[in-house]
Amino acid sequence: MEMKTIMQKAFNEQMGKENESAYIYLALSAQCEAMDLKGMAKWLRVQGDEELEHAMKFYTHLADRNAKIAFEKIDKPKAAPNTPLGVFEAAYEHEKYITKCIHELVDLANKHNDPEALSFLDWFVNEQIEEEKSTRDIVKKLEMAKGNISALLMLDKMLGERKGD
Ligand code: OFO
């Protein structure tokens with residue numbers, strides 16, 4: 001089914017937000033590198049790579065439906081917080097924002113009767129549950145580790161085991 005212009009625009013905007021997410025995660029990763037928390041830096045870098053994959057899912061959906069592909073301007077990431085807890089709180093807040101964006105896309109697809117977009121967005125609805133959970137879990141662990149260097153270093157080691165480049 002041909003994609004309505006309003007849906008094309010919304011999908012392109014979300015592709016931009018996913019690319020922006022990759023940029024944000026890379027900035028958070030760089031902050032962890034600066035704090036010598038290499039495991040956390042790796043976890044965030046791998047997450048940034050996943051965000052690029054999310055962007056490409058939108059790109060492919062647009063391309064497969066012969067829709068117009070347009071690129072958004074990506075702003076410079078905000079200065080990252082200077083504590084590990086602050087970094088992961090920022091990640092969690094960002095994921096909550098992305099979940100809201102995905103839910104708005106679902107509402108739009110419903111309103112404009114686009115079953116193909118709805119079926120595509122299902123994956124993202126579930127993925128966001130996972131994305132919120134993983135960042136929230138790290139925030140909780142960091143809160144528990146507050147002031148305890150060995151706990152922080154153990155968590156850093158554990159997060160560095162995340163598979164990815
Ligand atoms: Fe982090 O899920 Fe995409 O943006």
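Just so you know, these numbers come straight off a predicted model, no measurement behind them. The first residue of the sequence shown is numbered 1, and numbering continues consecutively from there. When a ligand or atom number is given, it counts from 1 through the structure's own listing order.
Defined by atom type and a distance below 3.5 Å, a donor-acceptor pair is missing between the side-chain atoms of Glu132 and Gln128.
Summarising the local packing, NZ of Lys38 is surrounded by more than 12 heavy atoms from other residues, nucleotides or ligands at distances under 6.0 Å.
Counting only residues at least two apart or on different chains, the ring pair (Phe, Tyr, Trp, His ring centres under 6.0 Å) pairs with a member in residues 123-152 are His54-Trp123, His54-Phe124, Phe58-Phe124, Phe120-Phe124.
By the rule that hydrophobic residues join a cluster once side-chain heavy atoms approach within less than 4.5 Å of another member, Tyr25 and Met56 end up as members of separate clusters. Hydrophobic clustering keeps Met154 apart from Trp43 (ILVMFWY residues linked when any side-chain heavy atoms are closer than 4.5 Å, directly or through intermediates).
Note on Lys57 versus Glu53: no salt bridge recorded, every NZ/NE/NH1/NH2 to OD/OE distance being 4.0 Å or above.
Shown here are the protein N/O/S atoms lying under 2.8 Å from atom 1 (Fe) of ligand 1, water excluded: Glu51 OE2, Glu95 OE1, Glu95 OE2, Glu131 OE1.
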